[in-house]
Amino acid sequence: MPAIRRIPVMARPFDVQEIEQKWQRLWADEGSYEVDADDPRPSQYVLCMYPYPSGPAHQGHVRNYTFGDLLVRHRTMQGFAVLSPFGFDSFGLPAENAAIRTGTHPRTFTEERIAELKASVVALGAVYDWRRQIRSHDPSYMRWNQVIFLRLLQAGLAYRAMAPVNWCPGCQTVLANEQVLADGTCERSGDVVIQRDLEQWFFRITSYADELLADLETLDWPERVKTMQRNWVGRSEGVEFDLQVVGHGAEGGTLRVFTTRPDTSFGMTYAVVAPEHPLVDVITTDAQRSAVDEVRTAVAHITEHERMSSDIEGQTLAKRGAFTGGCVVNPFSGEQIPVYVADYVLMRYGTGAIMAVPAEDERDWDFAHAHGLPVVRTTRPPEGFDGGAWTGDGVKENSGFLDGLDITAAKERAIEWLEAEGLGRRTVNYRLRDWLVSRQRFWGCPIPIIYCPEHGAVGVPEDQLPVVAPDDVEFLPTGESPLLRHSTFRHTTCPVCGGPAERETDTMDTFVDSSWYFLRFCDPWSEDRPFDPAIAAQFMPVDQYIGGIEHAILHLLYARFYTRALIDVGLAPGIPREPFRRLFTQGMIRLDHKKMSKSKGNLVAPTKYFNTVGADALRLFHLFAGPPADDMDWSAQTDEIIQGCARFLDRVWRLTVETDAEVTWREGEQTDSDVALTRSVHRLIAKVSDDMERWSFNTSVAACMEFANDLQGYRREASAGIHRSTYDAAADALLLLLAPMTPHVTAEAWERRHGPGARLHTQSWPTYDPGLARAERVTMIVQVNGKLKDRIEVVPDISEADAIALALASERVMEELQGKVPSRIVARPPRLVNIVL
RNA sequence: GCCCGGAUGGCGGAAUGGUAGACGCGGGGGCCUCAAAAGCCCCUGUCCUUCGGGGCGUGCGGGUUCGAAUCCCGCUCCGGGCACCA
């Protein structure tokens, strides 16, 4: 019995906004993506880096959450209980700056921004288990942040030490590096910023340097992120050894240096100590004192950042430094060599002193030439080398017992000699420094410490946590934390003796908040500890972590460290030491060649798309635009492409829900074109399933578009009517495959096809028959001398002999051969035959 | 300076040693319509062509291979990271 349907005529075949709101409400009401620890399904943890709430979402968020949501929905359809939480990194400087500008309390400001961001995330159709939401400024989260701090303190992983900071004498406060202008002045007062030592809190991340480095090998992360972390940790192996000091007042003293090139020791023609090095005061002669002091003063007045830059106002690579008047003995050559101070040697790295080998180190070369110091080559440079320092490999010369060796062997020999003589030992140095967590800010998690004149730094007892900053504070543009001026917060009593004491007024770096939120997500209801380790162990590690490349180093390194620290202080027994098994870093979105961001003021809000083409079309665009890892340019053409995505969804709707022409249905035996359609359904399932696993969403979308074209062609050509079950299977498959990408329109189409209450997203991900997915006929190409000459339709399992026979029988090939005998025939059935003359 | 990426039609991109340019955007033509919109159909790298087809073509120059966008060597340009870490 042929069924006949007629098309309704309208701009779009469905009401986008109505459908999107309906399904967003349904997913929330039905708790479709809420997952509990006792869920019988195997679990998967999919997480997008929790955002700083800066207001309504921008396209960077849209892209991020589209990828994440696609994964959540896809894995759910594959039968996993997918943990998909969302939260807000809600402490941070912008809220505090807004408070100074407008007087609004940072909490009010932040919570308004959270509501806006959350609304746009929901409007995008991204689904989360909102019961688990975390906001880092919530006292319930701060409490555990502070407990963890105290446990790290007890374990010796947190400590207090003097550290150089940027200090503005005008504002009487510490500045962040970003607040110091390029010329070394304060952005607010214009005063020259100086370096000053202040007591600050640190986390001992350097204790984990080797582990953080070694375990990178086990991670399924982008290679370049791992490389960046490796460089950041900056492990270098070398040797430390002592030099005898000669000269006034220093007899019997030694100077310890660190080097990775002990093979060059015979070329050490002078030594350099950092300006802050304690030996400077001892060995500087009266004659040299003023020159040395000049260097030290200059260094004290610039930031480390500037000190590292190779050019300060015309003082180019002259290497700012001076002779101290003192000397040391090079133990290898026995010669006396001068000791200099120079700003290119850093007190905090190695021993704060180096042996200088100008012939084999570029910095030493520059310095030696600026100060007229001798150069002795110990590695023979290659023939024709006319540059300065030679840092490559070569045969050792002028090096006594090392002569004739290559540098690797010479290093070994030199270290053995130093150890045998009792002068030095092997050492490893790291570029990585301990993590300075103190921030002189209001809008952050207070460091739970009380300073007692009697008992020193005492932790606030855990039953008194959280320490929450008071609300009755005044935000002034002074640059200092209002907590400093709040006397009832600041003045308290010592938990040990009850005597008068002062609270710490610094807060924690917000990277502390984000270093364990993924663990709290596993058990956000826990009231007696940060989380239940058994539950966390069930979900951890995060199976897929998604975020921007800008967090490649700091956040990801801190989180790796923190996870280990939590395990080692006993708060997280049984959880994996690596928190993020797979990492995906999405590319950024640029507008006019600049990164799209709120601070640059070049955002394109998604709202206008939600209100017109709808969230599905915008999602489809982000998936279709190109490889997820690549940067994307938001261009004048973008809106047209988004329109094209909406057009495609209209077409999907017409193909699955409505008929746009009078249609005759039939059943019974499949015709050839019915079989062909079935085959392309199976090929499509295979293609999209594979593309999903390798994050090739743009080609998934292309395949679905191609299939929709095929489906339309099938309808057009079906003069004898449309085979009902074949067509239904095709339409259902298309909806199932698109379900994770464009969830609203597909869910609605599914319900229209299958009746009220039918749920697309609880269906299983479709499977395919490999036999049907394989093409029935394939195009075999025939080449002569590698040039394409003919195409022949063949069966996929054609034999090599048959393929060659067919190729040689081709008219086009015979023309080309002209009776000549091929010298070689390369056959790769069923893909190609290449005839070589 | 060092270390990673990348370069393909007018544009976004596809092609994991085997038909370069899938899919889409833009453009051109046609159908439908009183007309328009929407929709549908066809064409669209480039040059030559006797309309059968042929030459050229994946940043540049070499190489390996029967065959290279893909692998190797050397450049150019663009993007990113680290930049006096001894």
Side-chain angles (χ1 to χ4, degrees), chain A residues 7 9-13 222-225 227-228 230-232 234-236 238 257-261 264 272 307-310 317 319 342-346 348-357 361-364 366-367 429-433 549-550 552-553 587-588 590 593 620-621 624-627 629-633 635-645 647-648 650-651 654 660-661 694 696 698-709 712-713 716 779-791 812 822-828 831-837:
Chain A
I7 18 147
V9 180
M10 55 179 101
R12 288 197 76 178
E223 211 44 55
R224 69 177 173 141
V225 175
T227 303
M228 282 159 77
R230 249 176 237 124
N231 294 340
W232 191 260
R235 179 192 158 97
S236 57
V257 295
F258 170 74
T259 183
T260 57
R261 292 291 306 275
T264 65
V272 186
R307 181 169 160 186
M308 292 301 133
S309 66
S310 40
L317 285 170
K319 294 295 181 191
D343 68 350
Y344 78 98
V345 173
L346 309 174
R348 66 167 167 76
Y349 187 80
T351 60
I354 61 159
M355 63 172 215
V357 185
D361 183 287
E362 281 165 19
R363 298 155 298 182
D364 297 345
D366 292 341
F367 190 85
N429 261 298
Y430 299 91
R431 212 191 71 101
L432 181 72
R433 286 189 275 173
I549 187 75
E550 66 271 24
I553 298 174
M588 67 182 185
R590 286 178 307 231
H593 308 291
L620 193 63
F621 162 75
F624 185 52
D630 289 5
D631 287 349
M632 180 176 87
D633 283 301
S635 75
Q637 209 187 24
T638 297
D639 276 8
E640 283 165 344
I641 302 174
I642 295 172
Q643 282 295 339
C645 289
R647 269 202 299 277
F648 169 70
D650 290 353
R651 174 185 280 213
R654 276 186 246 105
D660 59 356
R694 47 189 204 104
S696 184
N698 53 331
T699 53
S700 290
V701 176
C704 290
M705 288 175 168
E706 205 169 352
F707 180 78
N709 292 342
Q712 187 148 319
R716 191 169 57 245
T779 307
M780 182 176 81
I781 59 165
V782 184
Q783 296 175 334
V784 176
N785 287 334
K787 295 234 174 210
L788 176 71
K789 291 298 165 189
D790 205 358
R791 298 179 171 88
R812 297 286 330 279
S823 65
R824 179 172 175 189
I825 297 177
V826 181
R828 295 282 179 277
R831 305 285 307 162
L832 113 164
V833 174
N834 186 14
I835 297 158
V836 187
L837 294 180

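Order of the sequence lines sets the chain letters (A, B, ...), proteins ahead of strands, with each chain counted from 1. Computed from a prediction, not measured in an experiment: that's the story for all the values here.
To the nearest whole angstrom, the two C1' atoms, one in B/U58 and one in B/A68, are 11 Å apart. For B/G74 and B/C3, the P atoms lie 12 Å apart once the distance is rounded to whole Å. Separating the C1' atom of B/A15 from that of B/C23 is a span of 12 Å, rounded to the nearest Å. Taking atom C1' in both B/C4 and B/C40, the straight-line distance is 49 Å, to the nearest Å. Using atom C1' as the reference point in both B/U19 and B/A69, the two lie 14 Å apart (nearest Å). Using atom P as the reference point in both B/U44 and B/C60, the two lie 25 Å apart (nearest Å).
Checking the phosphate oxygens (OP1, OP2) of B/G67, no side-chain nitrogen or oxygen of A/Arg824 falls inside 4.0 Å. Contact check, A/Arg716 against B/C41: a side-chain N or O comes under 4.0 Å of OP1 or OP2. Between A/Thr699 and the phosphate of B/G13, there is no side-chain N or O to OP1/OP2 separation shorter than 4.0 Å. The phosphate of B/C41 has OP1 or OP2 within less than 4.0 Å of a side-chain N or O from A/Gln712. For A/Arg812 and B/G54, the shortest distance from a side-chain N or O to OP1 or OP2 is below 4.0 Å. Look at A/Gln643 and you won't find any side-chain N or O under 4.0 angstrom from OP1 or OP2 of B/C25. Applying the 4.0 Å criterion to OP1 and OP2 of B/A14, one finds that A/Asn698 has a side-chain N or O inside that range.
B/G9 takes the syn form, because its glycosidic angle lies no more than 90° either side of 0. With its glycosidic angle within 90° of 0, B/G52 adopts the syn conformation.
Side-chain contact check for A/Asp633 versus A/Asp631: every heavy-atom pair is 4.5 Å or farther apart.
Within the 4.0 angstrom heavy-atom criterion, no nucleotide atom of any strand lies near A/Asn429. Within the 4.0 angstrom heavy-atom criterion, base atoms lie near A/Asn834. At a threshold of 4.0 angstrom between heavy atoms, the contacts of A/Thr779 include nucleobase atoms, whether or not backbone atoms are also involved. Among the heavy atoms of the strands lying under 4.0 Å from A/Val836 are primed sugar atoms or P, OP1, OP2 only; no base atom is included. Among the heavy atoms of the strands, none lies under 4.0 Å from A/Gly350. As judged by a 4.0 angstrom heavy-atom cut-off over every strand, A/Gln637 is placed among the base-contacting residues. Residue contacts shown for A/Ser823 are absent, as no nucleic acid heavy atom lies under 4.0 Å away.
Taking atom CG on A/Asp650 and atom P on B/G24, their separation rounds to 15 Å, with Å as the unit.
Picking from B/G24, B/U19, B/C82 the nucleotide with the shortest atom distance to the side chain of A/Leu788 gives B/U19. Comparing B/A83, B/G80, B/A86 against the side chain of A/Arg224 picks out B/G80 as the nearest. You'll find that the side chain of A/Arg828 is closest to B/C66, out of B/G39, B/C66, B/A86.
Side-chain atoms of A/Asp630 never come within 3.5 Å of backbone atoms of A/Gly587 as a donor-acceptor pair (strictly under, hydrogens ignored).
Taking only distance into account, the side chain of A/Gln783 meets the base of B/G18 through a donor-acceptor pair shorter than 3.5 Å.
Below 30°, between 30° and 60°, or above 60°: for A/Tyr349 and A/Phe258 the angle between ring planes is above 60°, a perpendicular geometry.
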